[in-house]
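Please read the structure below before turning to the comments.
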Amino acid sequence: MKKVYLETFGCQMNVSDSERVSTVLARDGFEITSDQLSADVVIINTCSVREKAEHKLYSHVGRLRKKAKLKMPVIGVMGCVAQLEGETLFKKIQGVDFVLGTRAVGRISNAVNETLSGRSGYLDVGEREDDYDWTVADTHRHSPYVAFLPIIEGCNKFCTYCIVPFSRGRERSLTASDIVRQVLELRRNGVKEVHLIGQNVNSYRPQTDSGLEQFAGKSAFSRLLRAVAATGIERVKFTTSFPRDFRDDIVDAIDEHENLCNWVHLPVQSGSNKVLKAMKRGHTIEKYLAKIDRIKASPRDIALTTDIIVGFPGETEPDFLDTVKMVEYCGFDMAYMFKYSPRPETPAYEMSDDVSPAEKTLRFMELERAQKHSQDRQLQKYLNKVLKVLPETASSRSDSGLTGHSTCHKIVNFEGSNEMLGQIVDVRITEIKTNSLFGEVIK
Ligand code: SAH
Ligand code: SF4
Ligand code: F3S
């Protein structure tokens, strides 16, 4: 049996694609291994959202070449770098044997088999098969209790800095009946939490509305949320939400269904209208804050997280200070912050990258401080609170510790036994750390 090792970089979409790829490969007679050095085939699932992410591919192959002294494995590249670079990857990186684009993941076995039987330079950046099966990989999920379920792929938004519309293609939504069927199946198989995922999950727009007619809500996504809630699965989370398409009916659905979790990830990118316009985000800061206000007015106590870019072309000090002010106003439980990274082929690449690297670093650090300050204050509200936690793994830090997530998507560590894994427990929070909470199970 040939052994395959899979390395995954990037977002949940890539994690989900990797899960599907391992399931398909296992079905087709390969062994999935966690030991890279003994693998006959190494597949690297790549991300190209920032330059740094793309470099991970190059350094990974470099390290592999150093370590694999006796026998170099077959090396395959999939994901966003594969899609964007295509054939040029063979020239750019010595040792790459096949390249498989983001819509060709279903044909992974073909790529591996052809390469193992001696074909060189196998390239597939074609479209999905018409009957492509989106079904959640059953045997190779990252957790037995939590499943990522892609409901929409691709992106039509073309924010000026972003490579994703080019690497993932146009938006395509799965039908509601397919989604509901899959959630029911996951539930039967013991999954407690499903994450509906998509680059812009709330831009969900299936070709037909069938299966959603009886549910309330203006947008298809809010009706889908209610349909998924009605399956009775214990928890539903969804990410990422696109602000322009985030309507009140989504919050209404959360308010009315306990199993729709109290967490919203709503990337703002900047606090300055001038910068938002140059980014072509399609929302003003006023509109964004109105959505935040609606979310905060929910009796469900919804946790908020976001993404922010500093140093976008043309961002002045006052623009940046608007971002700091916005962060202080919103009270995010967590923010992913990035320095702007010019991506070839995107519209912003043509703009002058006029915020110096030193200035980007200064702004990044100042924003980090502001967010940390706001976050510390924000997270205090969890102290002594009882959160419902799904223990997912034994903690890496202690022998009797468990780690899981709350409904508000906090990482929670606590003492407990392995029998608790996969069973939702009440945990009283006793300590707040920067990226996690600590607590004790209450009987
Ligand atoms: N679809 C999501 C984001 C997907 S990319 C959305 O619209 O919010 C994840 C995050 O990476 C983005 O939210 C953005 O903050 C960051 N990002 C994307 N392109 C970037 C670039 N060129 N430079 C720096 N950060 C970038
Ligand atoms: Fe990129 Fe914008 Fe699409 Fe998000 S919405 S993936 S930031 S283009
Ligand atoms: Fe990266 Fe592609 Fe996801 S560029 S963030 S892996 S869609």
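Both ligands and their constituent atoms are indexed starting at 1 by order of listing.
Looking only at distances, a side-chain donor or acceptor of R223 sits under 3.5 Å from a matching main-chain atom of G217. Between the side chain of E315 and the main chain of G311, a donor-acceptor pair closer than 3.5 Å is present. The backbone N or O of T316 lies less than 3.5 Å from a partner atom in the side chain of D319, making a donor-acceptor pair. A donor-acceptor contact shorter than 3.5 Å is absent between the side chain of R363 and the backbone of F320. A donor-acceptor contact shorter than 3.5 Å is absent between the side chain of D124 and the backbone of L100. Using a distance-only test at 3.5 Å, with no hydrogens or angles considered, a donor-acceptor pair links the side chain of T306 to the main chain of V268. Between the side chain of D40 and the backbone N or O of K2, no donor-acceptor pair lies under 3.5 Å.
Here Y336 pairs with H265 under the ring pair (Phe, Tyr, Trp, His ring centres under 6.0 Å) rule; sequence neighbours left out.
For atom 8 (S) of ligand 2, the closest heavy atom belonging to the protein is C159 N, 3.3 Å. The protein atom (non-hydrogen) at minimum distance from atom 22 (N) of ligand 1 is S341 O, 2.8 Å. Given atom 3 (Fe) of ligand 2, the protein heavy atom at minimum distance is C155 SG, 2.2 Å. The protein heavy atom nearest to atom 7 (S) of ligand 3 is Q199 NE2, 3.2 Å. For atom 1 (Fe) of ligand 2, the nearest non-hydrogen atom of the protein is C162 SG, 2.3 Å. Of all protein heavy atoms, the one closest to atom 19 (N) of ligand 1 is Y161 CD1, 3.3 Å. Regarding atom 8 (O) of ligand 1, its nearest protein heavy-atom neighbour is P267 CG, 2.9 Å. Scanning the protein for heavy atoms near atom 15 (O) of ligand 1, the closest one is Q269 OE1, 2.8 Å. Protein heavy atom closest to atom 7 (O) of ligand 1, with residue, atom name and distance, is R281 NH1, 3.1 Å.
Remark: ligand 2 atoms within the under-4.0 Å shell around heavy atoms of F242 are 5 (S). With ligand atoms numbered from 1 in the order given, ligand 1 contributes 22 (N) to contacts under 4.0 Å with heavy atoms of R343. Counting the atoms of ligand 2 from 1 in the order shown, those under 4.0 Å from a heavy atom of K157 are 3 (Fe), 5 (S). Within ligand 3, the atoms closer than 4.0 Å to a non-hydrogen atom of R168 are 7 (S), numbered from 1 in the order shown. In the vicinity of R50, heavy-atom distances shorter than 4.0 Å reach the ligand 1 atoms 11 (O), 16 (C), 17 (N), 23 (N), 24 (C), 25 (N), 26 (C). Heavy-atom contacts of D307 reach the following atoms of ligand 1: 9 (C), 10 (C), 12 (C), 13 (O), 15 (O) (cutoff under 4.0 Å). When each atom of ligand 1 is checked for a heavy atom of V49 under 4.0 Å away, the hits are 5 (S), 18 (C), 19 (N), 20 (C), 21 (C), 22 (N). Of all atoms in ligand 1, numbered sequentially from 1 with element shown, those under 4.0 Å from a heavy atom of N200 are 1 (N), 7 (O). Interface atoms of ligand 2 facing F158, defined by a heavy-atom separation under 4.0 Å, are 8 (S).
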Apply the test side chain to side chain contact (heavy atoms under 4.5 Å, CB included) to residues I108 and F30: give CA-CA distance (whole Å), side-chain angles for both, the deciding distance (0.1 Å), then the verdict. CA-CA 11 Å; I108 183 70; F30 294 93; over 6 Å; no
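The pair K296-D293 fails the salt-bridge criterion, with no side-chain N (NZ, NE, NH1 or NH2) lying under 4.0 Å from an Asp/Glu carboxylate O. The pair D252-R226 fails the salt-bridge criterion, with no side-chain N (NZ, NE, NH1 or NH2) lying under 4.0 Å from an Asp/Glu carboxylate O.
At a heavy-atom distance under 4.0 Å, only side-chain atoms of Y161, from C-beta outward, approach ligand 2. With a heavy-atom cut-off of 4.0 Å, P165 touches ligand 2 through its side chain alone.
Taking only non-hydrogen atoms, the option from V49, N200, V164 nearest to atom 4 (Fe) of ligand 2 is N200. The heavy atom nearest to atom 24 (C) of ligand 1, considering only R168, Q199, K339, is found in K339.
Taking the six-membered ring for Trp and the full ring otherwise, the centers of F364 and F338 sit at least 6.0 Å from each other.
Around atom 1 (Fe) of ligand 3, protein N, O or S atoms at a distance under 2.8 Å total 1; waters are neither shown nor counted.
Closest non-hydrogen pair, K433 versus L379, comes out as O-CD1, 4.2 Å.
Side chain to side chain, N273 and T284 fail the donor-acceptor criterion of an N or O pair below 3.5 Å. D333 and T305 form no side-chain donor-acceptor contact under 3.5 Å, judged by distance and modelled atom types alone.
The shortest N or O to N or O distance between S241 and ligand 1 is not under 3.5 Å.
Contact between R168 and ligand 2 is absent, with no heavy atom of the residue lying under 4.0 Å from the ligand.
Between W263 and H409, the ring planes are parallel. Angles under 30° get that label, and only those over 60° would be called perpendicular.
Of the candidates F246, F242, F238, F221 forms a ring pair (Phe, Tyr, Trp, His ring centres under 6.0 Å) with just one, namely F238.
Within a 6.0 Å sphere centred on CD of Q94, heavy atoms belonging to other residues, nucleotides or ligands number 12 at most.
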